[in-house]
Asker: 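Sharing a structure with you now.
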Amino acid sequence: MEIAAVISGLRSNHLPGASCGASSLLFPFFNDKISFSPGLIKNELADIDWDNLGFGLMPTDYMYVLKCSRNGNFSKGELQRFGNIEMNPSAGVLNYGQGLFEGLKAYKKEDGNILLFRPEENAQRMIMGAERMCMPAPTVEQFVEAVKVTVLANKRWVPPPGKGSLYIRPLLMGTGAVLGLAPAPEYTFLIYVSPVGNYFKEGLAPINLVVETEVHRAVPGGAGGVKSIGNYAAVLKAQSIAKAKGYSDVLYLDCVHKKYLEEVSSCNVFAVKGNVISTPSIKGTILPGITRKSIIDVARSLGFQVEERLVSVDEVLDADEVFCTGTAVVVSPVGSITYLGQRVSYGNNGIGAVSQHLYSALTRLQMGLTEDVMNWTMELK
């Protein structure tokens with residue numbers, strides 16, 4: 001799909017404006033054509049070391065920006081050169097944390113076309129999160145089309161096949177000024193991208209987790225089940241302490257019984273015992289991961305029995321294998337878990353057969369190396 005065609009499609013799908021008030025949580029955001037000049041897009045591959053990509057920000061060419069004004073009118077969505085943004089010190093996102101983010105990836109196929117993986121799921125999750133955080137949100141169609149535009153505008157930054165992926169970060173922020181505690185009067189929807197390699201420095205090699213028994217990531221009735229920016233700041237201290245001790249990350253327990261698994265700092269967790277794969281059920285304190293959802297479906301299609309339920313820490317210590325899932329990590333095998341000073345290792349610190357099987361099955365689908373029988377990918381030509 002050429003970028004000019006995407007822009008044309010967005011113009012033809014123009015929808016009327018809507019109020020930013022609490023009664024309208026979905027907003028159409030194309031009052032006019034998208035501001036864009038196809039001649040400005042560079043086609044040559046970016047000149048970077050594709051063989052040594054880490055998971056860090058690499059500034060690209062363009063970001064997508066849309067603003068919702070105080071009176072309920074929506075500006076035209078536009079591509080801008082990637083760079084800093086201006087914001088009032090009293091912005092709702094800065095003072096009261098009224099913000100959400102998403103994460104998804106684009107992969108380049110051998111034929112040069114680009115694949116997106118389930119972007120409509122990210123759109124649905126942003127809508128759910130926006131309702132919880134009292135914010136307007138783009139519709140699924142609008143979110144997906146904005147992602148397409150941003151990826152195609154930065155297509156030279158999509159890594160060659162097998163070298164990594166283009167990480168896509170949509171943001172929804174209360175950028176209007178507000179002093180008293182209240183929803184912001186104005187909002188900004190923004191998408192930027194960066195080419196990335198592996199999230200953990202270990203790559204697909206097993207990671208080492210430590211169970212946190214005092215600090216908790218989320219509480220019942222809170223916002224742990226949505227991708228709110230505040231959920232991630234809350235794990236930084238425990239994560240930093242764990243990394244200083246040589247662990248890769250932290251595994252959190254529920255805050256009521258302090259014995260059931262919740263999730264790792266930014267990943268869902270799974271335990272394997274025989275042919276049964278167990279993962280904590282989604283109950284408001286655990287993020288409904290899109291990779292989690294996909295792995296469950298892939299595992300069932302491969303003949304595994306998957307259970308979504310309460311999973312105790314004692315049960316995971318007795319598992320045959322443990323692995324984490326997330327957009328950034330895809331599937332990350334766990335080599336060891338330390339709980340109350342006791343370290344339990346899995347598979348002689350090797351990659352478990354189930355973890356490897358699921359990783360290969362999902363990544364091959366994401367990269368277009370196998371037939372997409374799930375109908376999960378979206379191809380951009």
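Just so it is clear, the values below take in all heavy atoms, side chains as well, and ignore hydrogens, waters and symmetry mates.
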Asker: As an exercise, state the distance from CD of Gln124 to CD of Glu102, rounded to the nearest 0.5 Å.
Answerer: 11.0 Å

Asker: Suppose we screen for side chain to side chain contact (heavy atoms under 4.5 Å, CB included). Which residues come up paired with Met128, at least two apart in sequence or across chains?
Answerer: Arg125, Val226, Pro288

Asker: Determine the minimum heavy-atom distance between Thr327 and Gly103, stating which atoms define it.
Answerer: OG1-O, 3.3 Å

Asker: Can you pull the side-chain hydrogen bond (donor to acceptor under 3.5 Å, both in side chains) pairs that have at least one residue in residues 86-99, sequence neighbours excluded?
Answerer: Gln98-Tyr187

Asker: Stepwise, does the side-chain contact (heavy atoms from CB on, under 4.5 Å) test hold for Ser265 with Arg217?
Answerer: CA-CA 8 Å; Ser265 300; Arg217 177 190 167 276; over 6 Å; no

Asker: Is the shortest distance from a Lys or Arg side-chain nitrogen in Asp314 or Lys259 to a carboxylate oxygen in the other one below 4.0 Å?
Answerer: no

Asker: Look up atom SG in Cys255 and atom CD in Glu262, then write down how far apart they are to the nearest 0.5 Å.
Answerer: 7.0 Å

Asker: Please report the closest heavy-atom contact between Val329 and Cys324, naming both atoms and the distance.
Answerer: CG2-O, 4.3 Å

Asker: For the NZ atom on Lys283, are there more than 12 heavy atoms of other groups (residues, nucleotides or ligands in this structure) within a distance under 6.0 Å?
Answerer: yes

Asker: Could you pull out the closest heavy-atom pair between Ala242 and Val250, with the gap in Å?
Answerer: CB-CG2, 3.5 Å

Asker: Under 30°, 30 to 60°, or over 60°: which ring-plane class applies to Phe189 and Phe143, parallel, tilted or perpendicular?
Answerer: tilted

Asker: Hey, are Glu44 and Lys155 close enough for a salt bridge, meaning a charged N less than 4.0 Å from a carboxylate O?
Answerer: no

Asker: Does Asp111 pair with Lys381 as a salt bridge, N-O distance under 4.0 Å?
Answerer: no

Asker: Kindly check if the number of other-residue, nucleotide or ligand heavy atoms within 6.0 Å of CG (Leu179) is above 12?
Answerer: no

Asker: Under 4.0 Å between a Lys/Arg side-chain N and an Asp/Glu carboxylate O for Lys273 and Glu307?
Answerer: no

Asker: Please verify the inter-ring angle class for Phe82 with Tyr192; under 30° counts as parallel, over 60° as perpendicular, anything in between as tilted.
Answerer: tilted

Asker: Should we say atom CG of Asp47 is surrounded by more than 12 heavy atoms from elsewhere, each under 6.0 Å from it?
Answerer: no

Asker: Tell me every residue that passes ring-ring contact (aromatic ring centres under 6.0 Å, His included) with Phe117, counting only those two or more places apart in sequence or in another chain.
Answerer: Trp376

